[in-house]
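In what follows, chains are A, B, ... by sequence order, proteins preceding strands, each numbered from 1. Excluded from the calculations below are hydrogen atoms, water molecules and symmetry mates; all remaining heavy atoms, backbone and side chain alike, are included.
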Protein chains: 2
Amino acid sequence: MAGITLQEVSRRAGVSTATVSRVLNNSPLVHPDTRRRVLRLIKQLNYHPSPTARALARARTQTLAVLFPGIASGFYSEVLCGMDDVASERGYHLMIAFSHGPQDQEELFIRCLRERRADALVVLNLNPPDALVRAATAHETPVVFIDRPARGRRISCVQIDNETGSVEAVRHLAAHGYRRIAVLSGPTDSFDAQQRLAAYRQAMREHGLPVTSELVWQGAFTEESGYAAVQRWLKRNRSLPDALFACNDAMAFGARQALQERGLNLPMVGFDDCETARHLGLTTVHVPMRQMGRWAVELALAWIEGAPNEGVPDRVVPTRLVVRESCGCARKGVKV
Amino acid sequence: MAGITLQEVSRRAGVSTATVSRVLNNSPLVHPDTRRRVLRLIKQLNYHPSPTARALARARTQTLAVLFPGIASGFYSEVLCGMDDVASERGYHLMIAFSHGPQDQEELFIRCLRERRADALVVLNLNPPDALVRAATAHETPVVFIDRPARGRRISCVQIDNETGSVEAVRHLAAHGYRRIAVLSGPTDSFDAQQRLAAYRQAMREHGLPVTSELVWQGAFTEESGYAAVQRWLKRNRSLPDALFACNDAMAFGARQALQERGLNLPMVGFDDCETARHLGLTTVHVPMRQMGRWAVELALAWIEGAPNEGVPDRVVPTRLVVRESCGCARKGVKV
DNA sequence: CTGAAAGCGCTAACAC
DNA sequence: GTGTTAGCGCTTTCAG
C-alpha cells in the first residue's frame, strides 16, 4: 500500500510520465486508446497522485487557510461549515488556525501569507491594523476578510448588513410603543459594532425617539460586558428604560442575567441569532453565518482561479429580525 | 517578496545547500562561524523555507487532519480549540474536513489516509464500521478516534468517562428523593449512549430504584428526539415520572420544550454541559471538550513522533456533575 | 565540518 | 499525440 508513483504507472503502461500526467490532468492531447490504457492501470494499481508533489510542482496547494480569533463559539463553527460546503465541492481543503492573543494574530497573518501553505487566506473577525492589510497586498496570496471592510489587489471582504437588521430591531421595539430604547453597544474598534450603533441612532431619530447619552451603554460583545452594563445602570438609576437593543446576543444574555437576578425584566432584542437565542426565546437579528462562510470561500476561489486582473466584488449578507418572546410579544412567533 | 530560496541563500553565503539545510535543521555538524554567517544572511534576506518543498523531501507535512460529522455545533469548536492549543504549540497545522452524510464519511476517511496530506488523522464522533478501522491499520497514517473505542497499530482513542457522570447524575436525582427516574437514551449505535444507559441502569439498581421498560425513552441525541419522546409519553400516560436523566443536553432541551408547551415541568439533568445548558440553568454532566481535543492531538503526535513500535495508550476524559436549577434544586449552585 | 549529487513525485516546456 | 528533459525547493546519503 505504500507509495505507488506516477513514474511506476508510466513504466508499467509503457508510456512517458508526461503522458500519465496528461491523463491525470485531463489534457486533450492524449490518444483515447492511450488514455484508456493508462486509466485502467491507474485504477488497477489503485494509484493516487501525491498532493504534496503536486503542490510543489504546480505551486498550488488546493488549500485555504482560515484565521479565527482564539475563542470557541458556535458562531464560528457555523461559518466554518459554510466554508466547507463550497471548498469541498470545489476540491479545496480547509486549514485552520486560531490566533492566541492579539499580537499573535499579526504574526499568524503574516506567516500564513509568506509560507504559501495555502492558496488563499480567509480572516474571520480579526482586526489587523490597516498597515497589515496593506502589507497583504505585497504577497501573492489573496485574502478575504469577514466582518471587516477591506479592498485592494487580491483583497475582498464579506460583511454583514448591520443597518437593515438594526433598523428593523428598533422599529420593532418602537412599534410596541417603547420610547426610551437603550442600546448596548459593542467594542468601538469593531466595524459591526459601529454600524449597528449608527443604525440604532438613525432609526431612533426616524421614529422621533430621543437618544440621550445615558441610553447608550458601552459593551464589548461579551456576556460579562452586558451583565456589567446593566449593573452600572441599576446602580445609578431607579427606573429601567422601556426596552433594550443589544448589539449582539452574548451581551443580551449577560444583561438578561443581571436583570433576572434582581427579579427584573426588560424587553430586548439581540443580534446574531446564535443557537442559545432560540432556546432562550430571544428576539434577535438573524445573521446567516453559513452563508458568510460560503461567500467568503467563493470570493477566495474567485481570486485564485479568476483572471489575474479581474477584481472580485465584496459581498454583504442580509439580516432579518426574528421575533421571539424577549421583546415583550405575548407569544412566540407574534409578528408586529 | 516573491520566493527567495534556500539555494539563493547558499549561493550568497558561499556555502552548499546542504550546509544551509543543516543550519535550518539545527544540525550540530556546522561550524559556529558558518552557522552565524548563514543565519545572518537568512535574516537579512528574510528567507523562510518552503513548507511544501519540505513536505515533499521529508515526507512529513506537519499537518493533522480532523474529520467532523457534518453538523455545526459549539461542541466541536471547543474540541477544535483544544486541538489547536497543542498542535500550534508543537508546530503542527490543523486541516479540517466535514463528512457530508454517512457514506461520504467513509470515503473521506479513506482519502485522508491515502493522500498523506496529513501526518495523522483525528476522527471525531464519526462511527466508521469496524472494517474501516481495520483498514486504517494498513496505512502509515496514525489515527486517533474521539468518542469511539479503537485500538491497534497506529490507532488509539480518547473517550469520555460516561459512567462516572451518569452515576453521579442518577445519584443526585435519587438524593432528592425521586424514585421514578426516567432516562432519555441516545442512538443505539453510539458508544457514549450505550455506556450512559448502562450506567443509569446500574446506578438505579444500586439505589434500589426500579427500572421498568417504560422508564427508558428512546432518543437520538437530537433536540427533536427529546421533544418527541416527551410527546409520546404524554400521549400514553397521565403522570410524569419523578425526574429525567437525558443522555445529552440537546435532548434535555427538546424535552424541556415539550413539557413547557403544556405548562409542565420535570426535574432533569443532561449530559455534555454545552453553552446553552448554562444559560438555561440545566443541571448536567460536564464533559471537558477542550481537554478531549488536546489529548487527541497529543496521542496523534505521540504516534507520529514516538518510537516506531511504542504503543500509545488511550485516554479517558473525566466527567463531573454540574448542579444548576433544572434538577429541582432551589438555587443555582446548591449541592446535594 | 563541508560539498556534490541524487532524489522526493509531479508538471510543463520544448522537441519530434 | 508522445517523449525528453528540466525543474519545483528542500533533505540526505556519501565522500572527503
Side-chain angles (χ1 to χ4, degrees), chain A residues 1-39 41-42 45-63 91 114-119 140-141 305, chain B residues 1-39 41-42 45-63 91 114-119 140-141 305:
Chain A
M1 192 110 274
I4 151 122
T5 70
L6 179 149
Q7 198 178 148
E8 179 97 8
V9 176
S10 78
R11 256 213 338 268
R12 300 230 204 175
V15 298
S16 73
T17 61
T19 298
V20 178
S21 177
R22 287 193 190 100
V23 171
L24 249 32
N25 296 288
N26 291 314
S27 157
L29 307 174
V30 185
H31 189 94
D33 290 347
T34 319
R35 178 187 304 282
R36 239 191 309 281
R37 194 151 42 87
V38 172
L39 281 176
L41 210 50
I42 283 177
L45 296 176
N46 191 28
Y47 163 76
H48 293 271
S50 147
T52 320
R54 275 195 152 157
L56 184 57
R58 305 211 268 225
R60 283 286 217 79
T61 59
Q62 296 293 108
T63 294
R114 118 159 68 74
E115 285 198 341
R116 299 175 138 300
R117 203 185 273 277
D119 299 335
E140 285 295 305
T141 314
E305 302 181 338
Chain B
M1 192 108 276
I4 150 124
T5 69
L6 179 149
Q7 198 177 150
E8 179 97 8
V9 175
S10 78
R11 254 212 339 267
R12 301 227 204 177
V15 297
S16 72
T17 61
T19 298
V20 178
S21 178
R22 287 193 190 99
V23 171
L24 249 31
N25 295 288
N26 291 312
S27 157
L29 307 174
V30 184
H31 189 94
D33 290 347
T34 320
R35 177 187 305 282
R36 239 191 308 283
R37 195 150 42 87
V38 172
L39 281 176
L41 210 50
I42 283 178
L45 296 177
N46 192 28
Y47 164 75
H48 293 272
S50 149
T52 318
R54 275 195 152 158
L56 184 56
R58 304 212 270 226
R60 283 289 215 76
T61 59
Q62 297 291 109
T63 294
R114 114 158 70 75
E115 286 197 341
R116 299 177 137 297
R117 202 186 274 279
D119 299 335
E140 284 295 305
T141 314
E305 301 180 340

> Please walk me through it: do B:Thr52 and B:Leu56 pass side chain to side chain contact (heavy atoms under 4.5 Å, CB included)?
Replying inline: CA-CA 6 Å; B:Thr52 318; B:Leu56 184 56; over 6 Å; no
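- Using a 4.0 Å heavy-atom distance criterion, B:Thr52 is classed as making no nucleic acid contact.
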>> I'd like to compare against my own output: the B/S/- annotation of nucleotides 11-16 of chain C with a strict under-4.0 Å heavy-atom distance to protein.
In response: BBB---
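- A distance-only check finds no donor-acceptor pair linking the side chain of B:Thr61 to the backbone of B:Ala55 [under 3.5 Å].
- With rounding to the nearest 0.5 Å, the separation of CG in A:Leu24 from CG in A:Leu39 is 8.5 Å.
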Which donor-acceptor pairs under 3.5 Å do the side chains of residues 8-15 of chain B make with protein atoms, sequence neighbours left out?
from	atom 1	to	atom 2	distance (Å)
B:Glu8	OE2	B:Arg12	NH2	3.3
B:Ser10	OG	B:Gln7	O	2.7

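- Residues passing the side-chain contact (heavy atoms from CB on, under 4.5 Å) test with A:Gln62, sequence neighbours excluded: A:Arg60, A:Tyr92, A:Asp119.
- Atoms OG1 and CG, from B:Thr34 and B:Leu29 in turn, are 11.5 Å apart once rounded to the nearest 0.5 Å.
- Heavy-atom nearest nucleotides on DNA chain D were determined for A:Leu56 and for A:Arg37, and the one closer to the 5' end corresponds to A:Arg37.
- B:Thr63 and A:Arg117 make their closest contact through OG1-NH1, 4.0 Å (heavy atoms, listed as atom of the first residue, atom of the second, distance).
- Chain A approaches DNA chain D over the interval D:dG1 to D:dG9, counting the first and last nucleotide 5' to 3' with an atom under 4.0 Å from its heavy atoms.
- Residue pairs satisfying the salt bridge (Lys or Arg N to Asp or Glu O under 4.0 Å) criterion with at least one member in residues 17-36 of chain B, sequence neighbours excluded, are listed as follows: B:Asp33-B:Arg36.
- Looking at heavy atoms from C-beta onward, B:Thr19 lies out of side-chain contact with B:Arg37 at the 4.5 angstrom threshold.
- One can place CZ of B:Arg11 at 15 Å from P of C:dG3, the figure rounded to the nearest angstrom.
- Once rounded to the nearest 0.5 Å, the distance linking CG of B:Leu45 with OG1 of B:Thr5 reads 10.0 Å.
- Annotation: of the two residues near DNA chain C, A:His48 and B:Pro32, the 5′-most nearest-nucleotide partner is B:Pro32.
- In DNA chain D, the stems built from three or more successive Watson-Crick or G-U pairs (distances below 3.5 Å) are C:1-16 with D:1-16.
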